Trainee: 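Input: one structure, supplied below.
Here the structure is a predicted model, which is why all the values come from computation and not from measurement. Sequence lines set the chain letters: A, B, ... in the order given, protein chains first and strands last, and positions in each chain run from 1.
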Amino acid sequence: MSEESKKPPAPSSASPEASGRFSRRWFLQGVALSAGTAVLPGEGLLGGSAFAAPQAPARIGPEPVQIALSVNGKDYQVKVEPRVTLLNALRNYLNLGTNTPIDLTGTKRVCDRGSCGSCTVILDGKTVYSCSVLAVECQGKKITTVEGVAEGNQPHPIQQAFVECDGLMCGFCTPGFIVSSKALLDRNPHPTPTEIRRALNGNICRCGTYNRVFQAVELASIRMKVKGG
Amino acid sequence: MKNFAYINAASEKAAIESMSDKALALAGGTNLLNLLKEYVLAPEALVNIKGIAGLNAIESFEGGLKIGANVTLSELLDHAEVRGRYPALHQALYDIGTPQIRNMSTLGGNLCARPHCWYYRYEYFDCKKRGGQGCAAIAGDNEFHAIFATDGPCVMIHPSSAGPALVVYGAKVKIAGPGGSRDAGIEEFFTLPAAAVARENVLKPNELVTHVLLPPPNGKSATYEVRHKESHDWPLAMASVALTMAGETAQEARICLGAVAPVPWRAAAAEAALKGKVVNETTAGEAAQKAAEGAKPLSGNKYKVQLVRTAVKRAILAAATGRRV
Ligand SMILES: Cc1cc2nc3c(=O)[nH]c(=O)nc-3n(C[C@H](O)[C@H](O)[C@H](O)COP(=O)(O)OP(=O)(O)OC[C@H]3O[C@@H](n4cnc5c(N)ncnc54)[C@H](O)[C@@H]3O)c2cc1C
Ligand code: FES
Ligand code: FES
């Protein structure tokens with residue numbers, strides 16, 4: 001069980017629900033918001049000076065602290081308690097309280113215990129479970145989520161291959177597999193079937209779509225070879 | 001998890017000054033954050049030690065290696081000397097957790113990881129390690145628990161797969177504390193529950209593992225482990241073996257078991273049985289029989305006795321032949 005569902009969450013000023021911002025999840029819940037009401041005034045809930053560069057104090061928290069996260073090449077302002085995981089920050093806190101709040105909900109939470117892979121992101125070139133890293137630890141690091149895998153509007157070859165090979169059933173594990181596959185192809189563009197299995201064995205698919213996933217990685221690898229990758 | 005403050009320690013000194021029984025070291029977080037999420041631990045602060053300069057390198061040292069506590073398991077696996085000269089360590093690390101876990105987990109964190117016992121990890125069960133009256137594992141589901149030292153107050157197995165390999169290489173652990181730095185032999189580092197049930201090693205709350213010192217290997221070595229799954233899993237039993245060979249004869253043997261006791265479990269009787277013998281299927285099998293002597297399995301884990309024999313025999317043959325068996 002997560003900290004949010006088991007014990008009271010962060011103070012309301014820091015919770016996404018309190019910000020009234022627009023998100024796909026709100027929309028799906030049937031909360032009818034117009035874009036106009038969702039956008040907050042420039043200074044946001046955090047007050048005018050909230051985004052001044054913080055002095056790195058020796059001891060921060062437990063109350064929310066201001067940090068910057070570099071996600072998919074963009075810098076985001078985040079105000080989080082030290083206990084907030086990177087996963088939670090990505091999904092619920094990016095630019096919260098500013099006039100450009102954003103959800104990066106592609107990264108999924110399933111086990112929240114470092115045991116399934118749905119929350120996989122690339123942190124300074126290595127795949128990690130974002131549920132098991134604190135957001136405050138990630139200042140100054142390069143974070144790539146599934147939203148950063150595509151090259152502009154062009155899907156990455158691995159994304160295209162997942163579609164063509166039907167690399168998913170329910171799809172909940174897919175973002176994690178895409179990120180792990182991209183990290184593999186970045187470091188080893190032409191992996192053997194054994195290398196593919198081993199590189200993806202930190203990701204679990206409850207629907208059991210593994211063979212199609214492995215096929216998709218092979219297809220992407222072949223296409224990248226044809227393109228001279 | 002409960003709220004906590006966060007301290008990003010820039011130096012060993014800063015870390016040691018901040019650490020206490022209420023301010024715990026944070027390395028890869030793969031073990032610690034789960035325990036916080038389960039309310040097993042509720043520190044007032046976490047002290048991030050990953051930024052400490054000098055703790056993330058693998059260096060040559062007196063013919064062996066000096067490994068910083070913050071070196072990740074992936075970095076160790078990618079290191080040519082670890083693979084080439086310390087195969088028992090390489091093989092022990094190879095299947096730990098998952099690629100992501102190995103990218104995150106540090107060697108220091110692996111040695112200091114808290115037990116994987118499901119009763120310890122669940123706040124509603126009785127657990128002496130958590131200050132309770134009894135041990136729920138003794139009458140409970142204990143198929144993954146210890147078969148050695150089971151008369152102590154806690155029947156956990158030590159979670160570190162690296163531990164047994166470090167024992168057969170005779171590694172030392174460098175510990176920094178308020179009074180300076182000291183080296184502990186790896187076997188003295190791990191402590192049995194009978195000595196102090198609340199902890200698994202000699203560290204005081206304000207002490208830090210800074211390095212692991214590996215002496216030069218003098219012989220052949222290997223690790224063999226038995227587990228259910230390819231990934232996301234833990235060994236059911238494992239054995240690391242180091243042999244000093246003269247031709248086909250084992251002049252010296254060091255054998256240590258993992259996943260069967262609250263500490264990496266040295267199999268002295270098996271070592272004695274192999275010493276001076278030509279290593280073959282028969283002598284490896286005889287040593288393996290000795291390795292399981294003294295086991296006192298719990299109600300649900302008698303199967304581990306045979307797994308110990310299998311792991312020891314195969315690790316001895318793998319070390320002697322240089323082949324996976
Ligand atoms: C699904 C899964 C499967 C796994 N399978 C295995 C396996 O088969 N074999 C295996 O060995 N491991 C396995 N692990 C991993 C392992 O047990 C630990 O999670 C990991 O090694 C801890 O390393 P860390 O750097 O993440 O430590 P952390 O979680 O950061 O810390 C662990 C503990 O050590 C303390 N600590 C950390 N570094 C130091 C230091 N330098 N000095 C003093 N104290 C310190 C912390 O305060 C904490 O109490 C598995 C983990 C998972 C999630
Ligand atoms: S949600 Fe992070 S590994 Fe499962
Ligand atoms: S497609 Fe359903 S979990 Fe993988």
Side-chain angles (χ1 to χ4, degrees), chain A residues 1-4 6-11 56-65 67 80-86 111-117 119-137 139-140 176 179-180 183-184 187 197-204, chain B residues 1-11 14-15 17-18 23 26-39 42-51 72-75 77-78 94-105 109 113 116 121-123 229-234:
Chain A
M1 221 185 282
S2 71
E3 89 242 11
E4 294 85 346
K6 197 166 175 184
K7 297 277 153 95
R59 185 187 177 102
I60 58 176
E63 61 286 343
V65 291
I67 59 168
V80 287
E81 297 171 330
R83 68 172 161 177
V84 171
T85 60
L86 175 59
C111 69
D112 202 29
R113 294 292 183 280
S115 305
C116 77
C119 67
T120 304
V121 302
I122 304 175
L123 189 64
D124 277 349
K126 299 265 188 181
T127 52
V128 301
Y129 294 143
S130 61
C131 68
S132 299
V133 186
L134 299 176
V136 289
E137 291 180 68
Q139 301 176 76
V179 172
S180 287
L184 167 66
R187 102 179 157 262
R197 268 181 86 95
R198 181 160 165 86
L200 299 186
N201 79 14
N203 293 71
I204 287 177
Chain B
M1 54 187 138
K2 292 236 173 72
N3 234 332
F4 52 80
Y6 172 83
I7 297 159
N8 194 15
S11 65
E17 281 169 5
S18 313
L26 171 68
T30 59
N31 174 240
L32 186 56
L33 292 188
N34 283 353
L35 295 172
L36 265 59
K37 288 175 185 177
E38 301 290 355
Y39 300 91
E44 287 168 8
L46 291 190
V47 183
N48 183 8
I49 60 170
K50 286 192 296 297
T72 65
L73 305 184
S74 297
E75 288 163 350
L77 283 167
D78 287 345
Y94 194 77
D95 280 327
I96 287 184
T98 66
Q100 291 92 325
I101 302 245
R102 295 188 294 269
N103 285 342
M104 304 169 80
S105 292
H116 187 235
R121 287 188 296 145
Y122 195 47
E123 59 173 329
K229 289 181 283 181
E230 232 173 275
S231 70
H232 290 282
D233 205 3
W234 300 78

Trainee: Quick one, Gln100(B) and Lys126(A) - any side-chain contact, counting heavy atoms below 4.5 Å?
Mentor: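 No, side chains not in contact.
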Trainee: Hey, what do you get for CG (Asn34(B)) to SG (Cys111(A)), rounding to the nearest 0.5 Å?
Mentor: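 Here the rounded value is 7.5 Å.
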Trainee: Could you give the distance from CD1 (Ile60(A)) to CZ (Phe4(B)), rounded to the nearest 0.5 Å?
Mentor: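 Reported value, rounded in 0.5 Å steps: 10.0 Å.
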Trainee: Quick one: what part of Leu36(B) sits under 4.5 Å from any heavy atom of chain A, side chain, backbone, both or neither?
Mentor: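 No part of it gets close to chain A.
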Trainee: Distance check, rounded to the nearest 0.5 Å: Thr127(A) atom OG1 versus Arg102(B) atom CZ?
Mentor: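 Atom-to-atom, Thr127(A):OG1 and Arg102(B):CZ are 9.5 Å apart.
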Trainee: Check whether Cys131(A) gets within reach of chain B through its side chain, its backbone, both or neither, counting any heavy atom under 4.5 Å.
Mentor: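 It is both, since atoms from each part get that close.
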Trainee: When Glu137(A) is tested against each of Asn48(B), Leu46(B), Asn8(B) for side chain to side chain contact (heavy atoms under 4.5 Å, CB included), which residue passes?
Mentor: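 Among Asn48(B), Leu46(B), Asn8(B), the one meeting side chain to side chain contact (heavy atoms under 4.5 Å, CB included) with Glu137(A) is Asn48(B).
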Trainee: If I measure from the heavy atoms of chain B, does Ala199(A) come under 4.5 Å with its side chain, its backbone, both, or neither?
Mentor: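 Contact with chain B: backbone only.
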Trainee: Is any side-chain heavy atom of Ser132(A) closer than 4.5 Å to a side-chain heavy atom of Met104(B)?
Mentor: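 Result yes, sub-4.5 Å side-chain heavy-atom pair found.
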Trainee: Can you find a heavy atom in the side chain of Asn201(A) that is under 4.5 Å from one in the side chain of Lys229(B)?
Mentor: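 The answer is no, as the side chains (C-beta and beyond) never meet within the 4.5 Å cut-off.
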Trainee: For the side chain to side chain contact (heavy atoms under 4.5 Å, CB included) test, which of Leu33(B), Ile101(B), Asn103(B) pairs with Tyr129(A)?
Mentor: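 Result: among Leu33(B), Ile101(B), Asn103(B), Ile101(B) is the only option passing the side chain to side chain contact (heavy atoms under 4.5 Å, CB included) with Tyr129(A).
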Trainee: Measure from NZ or CZ of Arg83(A) to the centre of the six-membered ring of Tyr6(B), then state whether that distance is under 6.0 Å and the direction lies within 45° of the axis.
Mentor: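 No; the conditions do not both hold, so Arg83(A) does not lie above the ring face of Tyr6(B).
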Trainee: Is any NZ, NE, NH1 or NH2 atom of the basic residue among Glu230(B) and Arg197(A) found under 4.0 Å from an Asp or Glu carboxylate oxygen of the other?
Mentor: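 A salt bridge links Glu230(B) with Arg197(A).
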